[in-house]
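Here is how names work: the chains are called A, B, and so on, in the same order as the sequence lines, proteins then strands, and each is numbered from 1.
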Amino acid sequence: MYNHTEIEKKWQKRWKDAGVFRADNASKKPKFYALMEFPYPSGAGLHVGHVRGYTAMDIIARKRRMDGYSVLYPIGWDAFGLPTENYAIKTERRPADVTAENIAIFKQQMKAIGLSFDWDREVNTTDPTYYKWTQWMFLEFFKAGLAYKKAMPINWCVSCKIGLANEEVVGGACERCGGVVEKRDKEQWMIAITKYAERLINDLATVDYLEKIKKQQIDWIGRSEGAVVKFYIKETSEQIPVFTTRIDTIYSGTFLVLAPEHEYIDLWRSLIANWDEVASYRAATASIPDIERTSADRERTGVGLKGITALNPATGEEMPVWISDFVLAHYGTGAVFADAHDQRDFDLAKKYNLPLKTSLVPPDPSIKEAVERLEICFEGEGTLVRSGEFDGMISAQAREKITAHLSEQGLAEAQTTYKLRDWVFSRQRYWGEPIPLVWCDACAKTDHARKEAVHIFHGWFDSAESGFIPALKSNLEQKGYDVVAVDAPNTEAPVFDEWLAFGEAQLAKTHSTPTLVGHSMGAHLALKLAETHKVKRLVAVAPVGMQPSDVYFAQFKTKLSKKELAIFRAYQDHGMDVEAIKRNVGELIFVFSNNDPWITSEIVEQYKAAFGDVARFIFVEEMGHMSHDSGCRRVPFVEALFDRVRADGWIPVPEDQLPIELPDVERYEPTDSGESPLAAIDAWVKTTCPECGSLARRETDTMPNWAGSSWYFLRYADAQNDKAFASKKVLAHWMPVDWYNGGMEHTTLHLLYSRFWNKFLYDRGYVLTSEPYAKRTSHGLILAEDGSKMSKSKGNVVNPNDIIASHGADTLRLYEMFIGPFDQPVPWSEQGVVGVYKFLKRVFELSHHIVECEAPTVIKMLHKTIKKVTEDIEAMRFNTAIAQMMTFVNTVYDEGGLTAASLLEFLLVLSPFAPHIVEEMYEKHGQGLAMTQAWPSFDIALVQDKTVTIGVQVNGKVRADVTIAADASSKEARKAALAEPNVVKHLEGKEIKKFVYVQGRIINIVVDS
RNA sequence: GGGCGGAUGGCGGAAUUGGUAGACGCGCUGGACUCAAAAUCCAGUGGUAGCAAUACUGUGAGGGUUCGAUUCCCUCUCCGCCCACCA
């Protein structure tokens, strides 16, 4: 009898005792990192929807182990956030206690499913040993100048007097009290994800994500190429910048529309004749949410600014200026030029009798007349008319030409904008990571004049004004450094002694310990200077060799003149005191490009050999010598090495004082001033400034739920590390994630945030891959039996424990995989569970059907099954893999049994799906654990059928079957087909016009009808 | 309004990507075992007609391409998800 409860308990214990799922950081086998999104441990417990994804990745992880990989399949808890906090408030309990309780339930449930997680690596975002590093990473963003404070509107409930999350606002009202919600400005921490927008799009080309996931990412970032056009205001001579993606329609621009909030409007107050009307319109629109303002079927409203006139930069014609609420202040420049080729503009113009004209002819001639007569609005692309010298061009070409034309006159500039906004990183809530910053009044008032000096040394043929130096200088100055970049003597024919003297003279001007950046010969100079000077940090970009070498110079004989070669050689004609440099330099960084014609791999190896033990090496792609000649104007990887020098009163908490732990609080509700509950705890808020020791206040905002989940996959690699979030060595072993699966609902935000976070850490040199996930798939939702979404409130949540108790974990796993296509939503079916349970019972009974000699069809079907299951797992077609295994078992029963050897092979392919029952049977008939055996291979000769049964059609209708050799010739097929009586009947008295034969597929005989 | 999916028996779903539509499972019908039930086993199961052979019909609707269309193209209807006046 198949006793699932007993079997499953037995094997779960054995696996645990043997530690078979523990991942080995030092394994010599190829690695495979399987990742499934970690759950939010809600009070509802694990439900069958979670099980779908976890089981799928478990099958893949188990198969990879059998394929010979060293597999990491970890799990953890994304536990900060509103649901727990609100539950804690309601029940007057501590969020930490509620979380611990929920996790215990989830954990018990997961263990009962037999998932092959490495529980030694369990992470919990609310654990101080975890969020210490989330805080540390926030400080990295802060130091890099990517975290900043900005006033952002929050949802404010007037009666509760607290800020609300978007999801707490239901239909414009407060979820708790039903009261009015208004927008209120609050200073928020922001993270500048938009700086990574371009890379977040471009690097998608390097990863294997489902196409629709890539598309969603690209659309969310929403890159749009356009131009900023300047419109003069006649009365004030001011220029209003307008962002447009349709500069091709500028000749039809007949009026200008500003957002009601546009900053210029107040400045023009005295000029606006109808100010009262304008003011009341602005007041009326202020409280309307953006979604409503921008809703397509809303009637357009607006007010003209009487007394203000703009000039069309292309035509010079005068344009009325209006305000309307469909224009949003925070998108683009908060202003649009309006014309007959935009429905919104068109509607507004029609309503208020504003001037309109067309400048595009649509490609569809049938609507041309109506467009010309301004009866309908044409928004598409067309051919230009009434557009001066651009007449006859098509839209795409015209955009390019008009932008160039206006740019020459200084009236426009090509610009790329993104839909993506910077990341609002503050919450005024308790249950999140405290932001580890301290506000110090004393420091805010102090002039931080002790600027750090950075000396930049250029190379041969370059100057302080060429190549990447100007951009680097201005970037570092913006960050608060004192940058010195001066031309070295005799740039065309550098002499080492002259350059060294020049370097010495430069350094003499600096009092503090300087940072040196050098390029090519300048890098060599910087290194030589470091032999005798203390240097805080030295960045050597494409440094020339440490000493001359005949072999090295021989390769430049054709490239350089004799004279040049001599200069090059002479410059390096001295050794380098490696030990002295190591002693004097605080941090040593080398930058090399893979295709540098001058700095060959030989030189790179020299530096690696000499400084490899202490220095950091950055290798960039396709940057040549990074000189002026090779067109190098910017070195972002060098710029990224420099942190912003603090310029205000926000002081980072030093690393050794992290984590800033959440204190125990009486009340978890936000305060009525809109601050987080932390603000009410004086003892926690008051602290001393880590910088100057005077009295200071802690930041009381906490981080969003997305923070901890943006890097958890890195922590899994080295979850116990207390020196770093993960060691580089271990990260090098496991990263990137080879296969990441999760819900479709996370394919925009979480995926984008975590990719961004990883890229940032990559730029800081803490992780080694720029993309965190090599492959991403998403699974569909499991719906309730009636097709609606499962939710605790509807009471239709299916608890996996119930199925495990009645039919077992193997049945649950198998059923969830059999239920339907993995990437699509599927309704749960209680009755469907029975089918796979019966199958498992039939599998278990196979023990009693072992024979000495099995039918050839059994062995053939076995190999077909191995092939199909192997392929289907890779493509996540679990449902058809299981169907094939069912077919195999049916065949075995039909054919009277199978050999012990065949049974063992079959058990191996079943093992990732139903591991418990398989181990139980494998123990009885085989040796060792099934899960540690090699994945079976199939015999291609057995898989291919020698004879096939194919249909015979007459005029496309099947009239008979014939069984012929798989590779039968057309002649043989024809003979077989014409031997079928029913075929002959349908051919009677008709002439065969055509005979179609597709080997192994079909025969079709075409006759006159 | 935009983007992406989807629509196949009573139900969940297969179909080697243009080649016998309905694999596999559920359900249902009949039978065996049983005092009986459950479990198990055997047979049948898209619809219509027929004892049957077989014929007609059939993948949301309509049209097209093709020897042949669930698959490709066009038009339309409905459903789901994501995003929504993005200039």
For [X], which contact category applies under a 4.0 Å heavy-atom criterion: base, sugar-phosphate, or nothing?
X	value
A:Arg842	sugar-phosphate
A:Asp342	nothing
A:Val336	base

[X] side chain, from C-beta outward: closest of [options]:
X	options	value
A:Gln953	B:A21, B:A23, B:U40	B:A21
A:Asn1004	B:G19, B:C83, B:U40	B:G19
A:Lys838	B:G27, B:C83, B:A87	B:G27
A:Val996	B:U20, B:G25, B:C67	B:C67

Task: A:Tyr2 and A:Tyr837 aromatic ring geometry - parallel, tilted or perpendicular at 30°/60° bounds - done: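 Because their plane-to-plane angle lies in the 30° to 60° range, the rings of A:Tyr837 and A:Tyr2 count as tilted.
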
- [ ] On the 0 to 90° scale, with breaks at 30° and 60°, tag the A:His750-A:His746 ring pair as parallel, tilted or perpendicular.
- [x]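 If you compare the ring of A:His750 with that of A:His746, the planes turn out perpendicular.
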
Between [M] and [N] - [atom1] atom distance, rounded Å:
N	M	atom1	result
B:U71	B:G19	C1'	11 Å
B:U54	B:C4	C1'	46 Å
B:A15	B:U59	C1'	11 Å
B:C56	B:G60	P	22 Å
B:A69	B:G58	C1'	14 Å
B:U48	B:U40	P	30 Å
B:G13	B:G50	C1'	32 Å
B:G62	B:G44	P	34 Å

TODO: Just label B:G22 as syn or anti from its O4'-C1'-N9-C4 or O4'-C1'-N1-C2 angle, using within 90° of 0 for syn.
DONE: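 What B:G22 shows is an anti base, its glycosidic angle lying more than 90° from 0.
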
Open item on the list: Taking the nucleotide of RNA chain B with the nearest heavy atom to each, does A:Ala335 or A:Lys215 sit closer to the 5' end?
Closed with: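 Its nearest nucleotide lies further toward 5', so the answer is A:Lys215.
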
- [ ] Nearest-nucleotide wise, let me know which of A:Gln884 and A:Thr333 is further upstream toward the 5' end of RNA chain B.
- [x]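 The answer here is A:Gln884.
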
Task: Heavy-atom side-chain contact between A:Glu816 and A:Phe822 under 4.5 Å - done: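 A:Glu816 vs A:Phe822: side chains apart.
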
Using purine N1 to pyrimidine N3 plus N6-O4 or O6-N4 for Watson-Crick, or N1-O2 and O6-N3 for G-U wobble, each under 3.5 Å, what pairs with [N]?
N	result
B:C86	none
B:G19	B:C67
B:C28	B:G44

Is it the case that more than 12 heavy atoms not belonging to [X] sit under 6.0 Å from its [atom1] atom?
X	atom1	result
A:Glu198	CD	yes
A:Glu845	CD	yes
A:Lys975	NZ	no

Task: OP1 or OP2 of B:C67 under 4.0 Å from side-chain N/O of A:Lys994 - done: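 So the side-chain polar atoms of A:Lys994 do come within 4.0 Å of the phosphate oxygens OP1 or OP2 of B:C67, strictly under.
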
TODO: Determine: side-chain N/O of A:Asn890 to OP1/OP2 of B:A23, distance under 4.0 Å, yes or no.
DONE: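 Checking B:A23 against A:Asn890, no side-chain N or O comes under 4.0 Å of OP1 or OP2.
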
Open item on the list: If the threshold is 4.0 Å, N to carboxylate O, is there a salt bridge linking A:Asp945 and A:Lys860?
Closed with: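 Result for this pair is yes, salt bridge flagged.
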
TODO: Please determine if A:Glu871 and A:Arg877 form a salt bridge, counting it only when a charged side-chain N lies under 4.0 Å from a carboxylate O.
DONE: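 Result for this pair is no, no salt bridge flagged.
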
Open item on the list: Going by ring-ring contact (aromatic ring centres under 6.0 Å, His included), A:Trp322 matches just one of A:Phe255, A:Tyr281, A:Tyr352, A:Phe337. Which one?
Closed with: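 By the ring-ring contact (aromatic ring centres under 6.0 Å, His included) criterion, A:Trp322 pairs with just one of A:Phe255, A:Tyr281, A:Tyr352, A:Phe337: A:Tyr352.
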
- [ ] To the nearest Å, give me how far apart CZ (A:Arg421) and C1' (B:C83) are.
- [x]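 The answer, rounded to whole Å, is 15 Å.
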
Open item on the list: Measure CZ/A:Phe326 against P/B:C86 and give the value in whole Å, please.
Closed with: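 These atoms are roughly 10 Å apart.
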
Open item on the list: Quick check against the 3.5 Å criterion: does A:Asn1004 have a side-chain atom that pairs as donor or acceptor with the backbone of A:Gly956?
Closed with: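 Present.
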
- [ ] Do nucleotides 7-14 of chain B as a string where each nucleotide becomes B, S or -: B if the base has a protein heavy atom under 4.0 Å, S if just the sugar-phosphate does, - if no protein is that close.
- [x] -----BSS

TODO: Indicate for each nucleotide in nucleotides 47-58 of chain B, in 5' to 3' sequence, whether protein heavy atoms under 4.0 Å reach the base (B), only the sugar-phosphate (S), or nothing (-).
DONE: -------SSSS-

TODO: Could you tell me if the ring centre of A:Tyr753 sits under 6.0 Å from that of A:Trp423?
DONE: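 Yes; A:Trp423 has its ring centre under 6.0 Å from that of A:Tyr753.
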
